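Everything below concerns the one structure shown next.
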There are 2 protein chains.
Amino acid sequence: MGKTLQDRCIAAGLKMTGQRKVIISVLENSDNHLSVEMVYERAKAEDSSISLATVYRTMNLLDELDLVIRHDFNESFSRYDVNIDDHYHLIDTETSEVVEFENSEVEAIVRKVAAELGYDLVDHRLEVYGHKKKA
Amino acid sequence: MGKTLQDRCIAAGLKMTGQRKVIISVLENSDNHLSVEMVYERAKAEDSSISLATVYRTMNLLDELDLVIRHDFNESFSRYDVNIDDHYHLIDTETSEVVEFENSEVEAIVRKVAAELGYDLVDHRLEVYGHKKKA
DNA sequence: ATACATGCAAATAATTTGCTCTCAG
DNA sequence: CTGAGAGCAAATTATTTGCATGTAT
């Protein structure tokens with residue numbers, strides 16, 4: 001039984017305000033890769049008093065606690081993943097759709113490369129850009 | 001003899017203004033991963049009349065022509081690589097130093113993954129974050 | 001009670017753009 | 001000569017922050 005995001009927030013000692021509950025429920029009930037603007041739109045639909053600043057502050061907070069992961073694909077804004085399992089992203093260059101995939105070989109390679117260069121691995125990201133095969 | 005960046009710009013039909021020559025020489029005589037601000041500072045040292053807007057416009061132009069590659073590491077601004085060979089980046093999380101490395105296995109894996117997901121590969125990037133091994 | 005959150009509006013920071021003038025081809 | 005490029009300053013966009021007020025614990 002994985003803990004819910006809300007559980008983790010409580011475990012992290014976060015004050016569970018009404019706004020945070022709404023934002024967290026948006027995150028839990030959406031596909032990944034939401035932008036702040038998207039979170040804001042959906043949260044506002046549940047509670048019209050929520051401000052954009054609060055969404056930004058909340059996303060930053062969750063990011064610092066590693067409860068979400070901030071990503072910069074090649075866009076002018078950030079998107080956020082609701083944490084959990086490691087995975088990589090394939091971004092459709094024509095539609096901006098984001099597909100997740102896993103691959104166990106990559107991590108092994110990355111670990112080896114970092115070691116060879118004399119570094120301790122902290123994190124890594126692999127992004128693949130492509131478009132759907134035609135016909 | 002690889003063509004110089006200047007050669008490629010001319011080949012691409014770019015008007016070689018004084019400002020562009022300076023910017024290009026800065027790019028050719030610096031380490032990779034420059035930010036616009038860094039390019040601007042160095043270009044200004046050669047020709048104090050160069051404006052930041054021109055540097056932005058030039059970098060965008062070079063990026064569109066694939067003569068440089070724009071990167072968003074986890075910073076608030078972009079950095080640019082002077083094209084040429086494919087490589088990946090290891091970013092030192094403590095110093096922001098960027099180390100380039102190559103790895104032939106990754107591309108094969110990426111190509112395979114894209115194909116399996118039904119995509120034509122356009123591009124891919126791998127970024128590794130770490131810090132120097134202590135003692 | 002009280003420290004921490006929120007809303008709002010103003011402030012930043014990076015990047016882009018309108019406009020007029022200049023210059024490379 | 002002429003259209004693409006440059007400088008400057010104002011505009012945009014994403015994100016952050018100061019401050020007065022509200023609220024979870």
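Just so you know, these numbers come straight off a predicted model, no measurement behind them. What's counted below: heavy atoms across the whole structure, side chains too, no hydrogens, waters or symmetry copies.
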Please give, in whole Å, the distance from [N] [atom2] to [X] [atom1]?
{"X": "B:Ile23", "N": "D:dA6", "atom1": "CD1", "atom2": "C1'", "result": "10 Å"}
{"X": "B:Glu64", "N": "D:dG5", "atom1": "CD", "atom2": "P", "result": "11 Å"}
{"X": "A:Phe77", "N": "C:dA14", "atom1": "CZ", "atom2": "P", "result": "20 Å"}
{"X": "B:Asn60", "N": "D:dA6", "atom1": "CG", "atom2": "P", "result": "12 Å"}
{"X": "B:Ile24", "N": "D:dA6", "atom1": "CD1", "atom2": "P", "result": "10 Å"}
{"X": "A:Glu75", "N": "D:dT13", "atom1": "CD", "atom2": "P", "result": "16 Å"}
{"X": "A:Ile50", "N": "D:dG22", "atom1": "CD1", "atom2": "P", "result": "18 Å"}
{"X": "B:Leu52", "N": "D:dC8", "atom1": "CG", "atom2": "C1'", "result": "11 Å"}

Pairwise salt bridge (charged side-chain N to carboxylate O under 4.0 Å, His left out) hits with a residue in residues 106-124 of chain B, at least two apart: A:Glu105-B:Lys112, B:Glu107-B:Arg111
Once salt bridge (charged side-chain N to carboxylate O under 4.0 Å, His left out) is applied, what residue pairs with a partner in residues 21-40 of chain B remain, sequence neighbours excluded? B:Asp31-B:Arg42
So which nucleotide from D:dA14, D:dG7, C:dT15 ends up closest to the side chain of B:Ser49? D:dG7
Taking the side chain as every heavy atom from C-beta outward, state whether B:His89 and B:Arg125 have any atom pair closer than 4.5 Å. no
Taking side chain as C-beta onward, heavy atoms only, is B:Thr4 less than 4.5 Å from B:Arg8? no
Would you check if there is a donor-acceptor pair between the side chains of B:Gln19 and B:Asp47 at a distance under 3.5 Å? no
Residue pairs passing the ring-ring contact (aromatic ring centres under 6.0 Å, His included) test where at least one lies in residues 92-135 of chain A, sequence neighbours excluded: A:Tyr88-A:Phe101, A:Tyr88-A:His124
Residue set satisfying side-chain contact (heavy atoms from CB on, under 4.5 Å) with B:Ile69, at least two apart, ordered chain then number -> B:His71, B:Asp81, B:Asn83
Bend angle of the helix from C:dA1-D:dT25 to C:dG25-D:dC1 from five-pair axes at both ends, rounded to 10°? 40°
Under 4.0 Å: is that the gap between some side-chain N or O of A:Gln19 and OP1 or OP2 of D:dT23? no
Short side-chain N/O contact to C:dT15 OP1/OP2 from B:Ser78, under 4.0 Å: yes
Straight-line distance of B:Thr58 OG1 to B:Leu67 CG, nearest 0.5 Å: 12.0 Å
Give the B/S/- string for nucleotides 17-25 of chain C, one per nucleotide from 5' to 3', where a protein heavy atom under 4.0 Å of the base yields B, of only the sugar-phosphate yields S, and otherwise -. BB-----BS
Flag, side chain of A:Thr93 to backbone of A:Gly130, donor-acceptor distance under 3.5 Å: yes
